[in-house]
There are 2 protein chains.
Amino acid sequence: MRRHNSALVLDAIAAGPGSSRAAVAARTGLTKATVSSLVDRMIGAGLVVEGEAQARPGPGRRGTALHLSPSGPHGLGVEIGVDYIATCLVDLTGRVRKRWLRPSDNRASSPGRVLAKVATAVRTAVREEVPIGGLGVAVPGLVESASGTLRVAPNLGWREVDVRGELDRRIGLDVPVLVGNEANLAALAELWHGDGAADFVHVSGEIGIGAGIVVDAQLFEGVSGFGGEIGHLPVDPRGPRCPCGSRGCLERLAGQDEMVRAAGVSGPEELLTRLAAGDRTALMAVRSAAKWLGVALSAAVNLLDLPTVVLGGTYARLEPWLREPLEAELANRVMSAEWAPVRVVASSLGAEAAVRGAAGGAVRAILADPDPYVASVLA
Amino acid sequence: MRRHNSALVLDAIAAGPGSSRAAVAARTGLTKATVSSLVDRMIGAGLVVEGEAQARPGPGRRGTALHLSPSGPHGLGVEIGVDYIATCLVDLTGRVRKRWLRPSDNRASSPGRVLAKVATAVRTAVREEVPIGGLGVAVPGLVESASGTLRVAPNLGWREVDVRGELDRRIGLDVPVLVGNEANLAALAELWHGDGAADFVHVSGEIGIGAGIVVDAQLFEGVSGFGGEIGHLPVDPRGPRCPCGSRGCLERLAGQDEMVRAAGVSGPEELLTRLAAGDRTALMAVRSAAKWLGVALSAAVNLLDLPTVVLGGTYARLEPWLREPLEAELANRVMSAEWAPVRVVASSLGAEAAVRGAAGGAVRAILADPDPYVASVLA
DNA sequence: TGAGATAAGTTTAGGCATCAAACTTATTGG
DNA sequence: CCAATAAGTTTGATGCCTAAACTTATCTCA
């Protein structure tokens, strides 16, 4: 009962920062008395702080503003990329306190060695002297989220790695550890920090192509966490062979590597300069990727009836060149398109989305069900 | 609180019919005292009945078996087909008490005239003298389930029909009215009465092709209830024009009408006899439909990672001829297929699934949240 | 400047569902 | 027929919520 209502109240405060107790009561349908007692508990636990009394138009006592505490528990996010390890520390409101990025060729290292680096990164962040409420880890592969096990990460060459267990062992931190697929966490970050859309596919093009599907403000994980794995949708049955064993996979036709190869450049940075300069080969390469992306996305959009496509990762920066051909392809293939066209937008977080999602996920767990945390602090 | 626990307890009784109060307590984690009081309430409201005391292996008092009451509130389901109106009455356990089927060319009638017939069907069922706890209506079109409004039903030629409102007006029955898409309700029926699979796509081929997607024992409705509308997935970009305005829609290539046309027969019945007789044209027609079906289903299966495809409606009876080419197509196109092949099974309910789903949905609403019903009965 | 009006937030008394533990009832087996 | 065992009920305590009265703070108007 209290558990449920605590979540309700905290959610109201998060949704409307600066609300008074009375406003929260009106919003949640609880009585002022109940809200008062729950809020006091959460202030005691350091989740909520009181702010200035707000002005009001007419007569009457002014309400005291309530906010999520910026010095409350922080979420620590780590992203294990193919060639880097990114870390960031966010507070309850989602603001980034500090971030780190260190290059690391994880493809060439064993899981053990990489996780040791992750542990070092975590220890560095812990030195910031802010309370850590949870740890989130984003990995570019298939994750069984319940156990925190990485089943397979093709682009790292890893299989069956008990990420949660390993990290629990390597860092003495007694906090919940969330392990998630990089694309899924990026989609969640977009949900929390984006333009407010609650239904979309978020495609992030890094070395691989991942998609996170958000329906009704909830991540759609699919049956075995495999949901939304769009990278290996076979878009061209007669296309080139893919390391996964199939033919004409999206990733093979629209991934970063393929764009770079087709454009004849050294990497994504050069690709961007060439595009800006109007280089014909580069433009063609991106246009072709957009077309294949459109084929795969239209299947998702048709089936799940999603109104929005968010371009994340490398695709975010390529948006000016991707958008038009992608929208054309979608308009052609999506059945409800002429009635309600699919919106294509660039992610506001870009390549940073995954870490932000990992860090956010760690604190969101507290926000979604604060009572256990409150109880543990007050005990 | 009580509301939540009532649902918990009733769910335990439904899942394990014949359990004792003590067993339910163990299963739900509530105390025996709490379970006793909740069960007594539900017995009072006529949802639950006590059965014989069960034998037990050792010493100790025997528990009294608890069952969902077969004389409790019944669900009344009505299906508005293109050329028939089907009705059925089911009890809390899902057993069919009685069913009706009357031919009716609904394509040629106005919504008002058809809904008048539905009202008559409802009145007939009410004469059975069993308590009606809810009414479910299955329609072959796009439904906004919250309001009970039919947005559009291409195969009936209807648009914007307030089905719930109209029926509320025409029948004096004061019960909740559930309006749902025929394919979605059929999928739910399969979930409740099928072989226990909790994740599948259910495709039903009637005049149109509808799909219901069930993930984690929950119907996936999509953003605007449009989810899983597979009938107009464009499977062949260069295919024939479809009344919907697009080209090469699945429905146009694999629907009942197309199979019948391609086989050169008068209707589905004749198609079946010809198939049984080994008629070459009929076999080819079905094989082609299976191929297109495979194209559309593989997109769904890839994206949602579903392990099972259920053939419903007319397809259920065609399963012996559909299965092999369909499985071949899926094996080819589904990425995870060689690792975990997609199972193709025939629906156990066939053409009856939609009515069953409508009737079941009406009572499930009570099972899922019994307290309001209990309160209203005891008041 | 002060009384009246208005609204925020707190206190208090009461209700209701749950739980733990004691108790009653039913059954088996020596 | 009595000890052991388990189902189900009764009882008293606890915790959380609510309604309603109360206190505090602020504005407005005379």
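In what follows, chains are A, B, ... by sequence order, proteins preceding strands, each numbered from 1. Scope of the values below: all heavy atoms of this structure, side chains included, with no hydrogens, waters or symmetry mates. Here the structure is a predicted model, which means the values were calculated and not measured.
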Visitor: For A/Ser37, report the nucleic acid contact type (base, sugar-phosphate, nothing); a contact means any heavy atom under 4.0 Å.
Guide: nothing

Visitor: Working to the nearest 0.5 angstrom, can you tell me the gap between A/Glu129 CD and A/Arg127 CZ?
Guide: 10.0 Å

Visitor: Between D/dC27 atom P and A/Arg56 atom CZ, what is the distance in whole Å?
Guide: 9 Å

Visitor: Looking at A/Thr31, I'd like to know whether one of its side-chain N or O atoms comes within less than 4.0 Å of OP1 or OP2 on D/dA19.
Guide: no

Visitor: Could you say whether B/Lys32 or A/Gly63 is positioned toward the 5' end of DNA chain C, judged by the nucleotide with the nearest heavy atom to each?
Guide: A/Gly63

Visitor: Check this for me, if you would: do A/Glu128 and A/Arg97 make a salt bridge, where the nitrogen-to-carboxylate-oxygen distance has to be below 4.0 angstrom?
Guide: no

Visitor: Would you tell me if any nitrogen or oxygen in the side chain of A/Arg62 comes within less than 4.0 Å of OP1 or OP2 on D/dA25?
Guide: no

Visitor: Between B/Arg21 (CZ) and D/dA6 (P), how many Å, whole number?
Guide: 19 Å

Visitor: Counting C-beta onward and ignoring hydrogens, is there a side-chain heavy-atom pair between B/Val48 and B/Leu10 closer than 4.5 Å?
Guide: yes

Visitor: Of all the heavy-atom pairs spanning A/Gly212 and A/Asn184, show the shortest one and how long it is.
Guide: CA-OD1, 3.6 Å

Visitor: Output the rounded distance in Å from CG (A/Asp371) to C1' (D/dG15).
Guide: 12 Å

Visitor: Just call it for A/Thr34: base, sugar-phosphate, or nothing, with non-hydrogen atoms closer than 4.0 Å on any strand.
Guide: base

Visitor: Could you check A/Arg3 against B/Glu50 and say which one's nearest nucleotide on DNA chain D is further toward the 5' end?
Guide: B/Glu50

Visitor: Any side-chain heavy-atom pair from A/Ile13 and A/His67 closer than 4.5 angstrom?
Guide: no

Visitor: For chain A and DNA chain C, what are the first and last nucleotides along the strand, 5' to 3', with at least one atom under 4.0 angstrom from a heavy atom of the protein chain?
Guide: C/dT6 to C/dT11

Visitor: So do the side chains of A/Val122 and A/Leu135 get within less than 4.5 Å of each other, counting heavy atoms only?
Guide: yes

Visitor: Toward the 5' end of DNA chain D, which comes first, A/Ala33 or A/Arg61, by nearest nucleotide?
Guide: A/Ala33

Visitor: Between D/dG15 atom P and A/Leu38 atom CG, what is the distance in whole Å?
Guide: 15 Å

Visitor: Can a side-chain donor-acceptor contact be found between A/Arg21 and A/Thr64 if the only test is distance below 3.5 angstrom?
Guide: yes

Visitor: Provide, to the nearest angstrom, the distance between the CZ atom belonging to A/Arg2 and the P atom belonging to D/dG15.
Guide: 9 Å

